[in-house]
Amino acid sequence: MPRAAPNILVCGTPGTGKTTLCQQVAEATGLKHMNIGDLVKAQSLHSGWDDEFECLVIDEDKVCDALEDSMAEGGCVVDYHGCDFFPERWFDLVVVLQTDNSVLWERLEKRAYSQKKIQENVQCEIMHVIVEEATDSYREEIVHVLQSTTPEDMERNVEQLAAWCRTWRPAS
């Protein structure tokens, strides 16, 4: 049975504005915001802490199992930095946010990330790691890269995604 509402994946390097965008899109459209980082912590969908990368090691299979019913129902805007482990069939639109490197650096400093972690994330942004991951994992026509540096970018992105949701129709 086709979904009654679309599923959107918003991904990008930490600090690009994924959670803010997803919260605002959910508010504007009625979609359910699903923050994968929060879900992993709340449901212990991980195998522990990685000291080298200063983060939880998520169990991708457990995450997918936890999301399966919601994704089949539709109407979700999913927020996570990576994208290559989610089933392609889940998403109607994949958005990769990108931010100017100097702005990204400042945002990560405000989060009290270590210098090493900031450097690694900014390097990922410079190398377009998440863009490449998205284009390798999903059909080209559903992957969209959006700039997310200024408040005006955020406002434009919210408006663009809300407009897309209004015109979305289930595949037949």
- Considering only heavy atoms from C-beta outward, does the side chain of Ile126 approach that of Asn101 to under 4.5 Å? yes
- Task: Give the intermediate values and the outcome of side-chain hydrogen bond (donor to acceptor under 3.5 Å, both in side chains) for residues Trp105 and Glu109.
- Result: CA-CA 6 Å; Trp105 188 283; Glu109 278 184 329; 3.1 Å; yes
- Item | CA sep, side-chain torsions, deciding dist, call: His144, Gln160, side-chain hydrogen bond (donor to acceptor under 3.5 Å, both in side chains) | CA-CA 11 Å; His144 297 271; Gln160 185 176 341; 5.5 Å; no
- Message: A quick test of your reading: do over 12 heavy atoms of other residues, nucleotides or ligands sit less than 6.0 Å from CD of Glu54?
- Response: yes
- Query: Are any of the side-chain nitrogens in Glu152 or Arg156 under 4.0 Å away from the carboxylate oxygens of its partner?
  - Reply: no
- Item | Main-chain N/O of Pro6 paired to Asp92 side chain as donor or acceptor, under 3.5 Å | no
- Query: What are the two closest non-hydrogen atoms of Cys76 and Leu31, and how far apart are they?
  - Reply: N-CD2, 4.2 Å
- In Å and rounded to the nearest 0.5 Å, what is the CD to CG distance from Glu73 to Asn7? 9.5 Å
- Is Val158 linked to Val94 within one hydrophobic cluster, defined over Ile, Leu, Val, Met, Phe, Trp and Tyr using a side-chain heavy-atom separation of less than 4.5 Å? no
- Item | Test side-chain hydrogen bond (donor to acceptor under 3.5 Å, both in side chains) applied to Thr19 and Asp79, step by step | CA-CA 6 Å; Thr19 299; Asp79 164 1; 2.7 Å; yes
- Message: What's the separation between atom CD in Gln119 and atom OG in Ser114, rounded to the nearest 0.5 Å?
- Response: 8.5 Å
- Message: Rounded at 0.5 Å granularity, tell me how far CD in Glu88 sits from CD1 in Ile142.
- Response: 6.0 Å
- Note on the structure: side-chain contact (heavy atoms from CB on, under 4.5 Å) with Trp90: of Ile8, Val78, Leu67, only one passes, and it is Leu67
- Message: Using modelled atom types and a 3.5 Å cut-off, is there a donor and acceptor pairing between side-chain atoms of Glu133 and backbone atoms of Asp84?
- Response: yes
- Task: Determine, using the 4.5 Å side-chain heavy-atom cutoff (strictly less than), whether Leu146 and Val10 are members of one ILVMFWY cluster.
- Result: yes
- Of all residues at least two apart in sequence or in a different chain, which pass the salt bridge (charged side-chain N to carboxylate O under 4.0 Å, His left out) check with Arg89? Glu68
- Message: I'd like to know whether Phe91 forms a side chain to side chain contact (heavy atoms under 4.5 Å, CB included) with Met71, so could you lay out the CA-CA distance, the side-chain angles of the two residues, the decisive distance to 0.1 Å, and finally the verdict.
- Response: CA-CA 8 Å; Phe91 298 107; Met71 299 309 293; 3.4 Å; yes
- Task: Take Leu9 and Val95, measure what side chain to side chain contact (heavy atoms under 4.5 Å, CB included) needs, and give me the verdict at the end.
- Result: CA-CA 6 Å; Leu9 173 61; Val95 174; over 6 Å; no
- Query: Which value, rounded to the nearest 0.5 Å, describes the distance between Thr29 atom OG1 and Trp164 atom CH2?
  - Reply: 10.0 Å
- Would you say Val145 and Val103 are hydrophobically clustered, going by side-chain heavy atoms of ILVMFWY under 4.5 Å? no
Determine all donor-acceptor pairs shorter than 3.5 Å in which one atom belongs to a side chain in residues 58-66; sequence neighbours excluded.
unit_1 : atom_1 : unit_2 : atom_2 : d
Asp59  : OD1    : Asp61  : N      : 3.2
Asp59  : OD1    : Lys62  : N      : 3.1

- Query: If Ile, Leu, Val, Met, Phe, Trp and Tyr residues are connected whenever their side-chain heavy atoms lie under 4.5 Å apart, and connections chain through other members, are Trp168 and Leu21 in the same group?
  - Reply: yes
- Message: Less than 3.5 Å apart, any donor N or O on the side chain of His33 or Glu27 sitting next to an acceptor on the other?
- Response: no
- Task: Following the transitive rule for hydrophobic clusters with a side-chain heavy-atom cut-off under 4.5 Å over Ile, Leu, Val, Met, Phe, Trp and Tyr, establish whether Phe85 and Leu93 coincide in one cluster.
- Result: no
- Query: Are the side chain of Ser148 and the backbone N or O of Gln98 linked by a donor-acceptor pair below 3.5 Å?
  - Reply: no
- List the atom of Gly17, the atom of Met154, and the distance in Å for their closest heavy-atom pair. O-CE, 3.6 Å
- Of all the heavy-atom pairs spanning Arg3 and Gly74, show the shortest one and how long it is. CD-CA, 3.4 Å
- Message: If we ignore hydrogens and angles and just use 3.5 Å, is the side chain of Lys117 paired with the main-chain N or O of Leu108 as donor and acceptor?
- Response: no
- Verdict with supporting geometry, Thr99 and Glu125, side-chain hydrogen bond (donor to acceptor under 3.5 Å, both in side chains): CA-CA 8 Å; Thr99 300; Glu125 188 72 356; 4.9 Å; no
- Query: Is a side-chain donor or acceptor of Lys32 paired with a backbone partner of Val77 at a separation under 3.5 angstrom?
  - Reply: no
- Message: Looking at Thr16 and Thr13, would you say the former's side chain and the latter's main chain have a donor-acceptor pair under 3.5 Å?
- Response: yes
- Query: Once you round to the nearest 0.5 Å, how far does CD1 of Ile130 lie from NZ of Lys18?
  - Reply: 8.0 Å
- Ile36/Phe86 under side chain to side chain contact (heavy atoms under 4.5 Å, CB included): CA gap, chis, key distance, verdict: CA-CA 11 Å; Ile36 301 304; Phe86 297 114; 4.0 Å; yes
- Message: Once rounded to the nearest 0.5 Å, what's the spacing between atom CG of Leu97 and atom CG of Leu104?
- Response: 11.0 Å
- Query: Can any side-chain N or O of Ser137 pair as donor or acceptor with the backbone N or O of Ala134 at less than 3.5 Å?
  - Reply: no
- Query: Does a sphere of radius 6.0 Å around CD in Glu140 hold more than 12 heavy atoms from other residues, nucleotides or ligands, not counting ones at 6.0 Å or beyond?
  - Reply: no
- Task: Apply salt bridge (charged side-chain N to carboxylate O under 4.0 Å, His left out) to the pair Glu120 and Lys116, showing each step before the final yes or no.
- Result: CA-CA 6 Å; Glu120 287 172 350; Lys116 178 180 181 245; 3.5 Å; yes
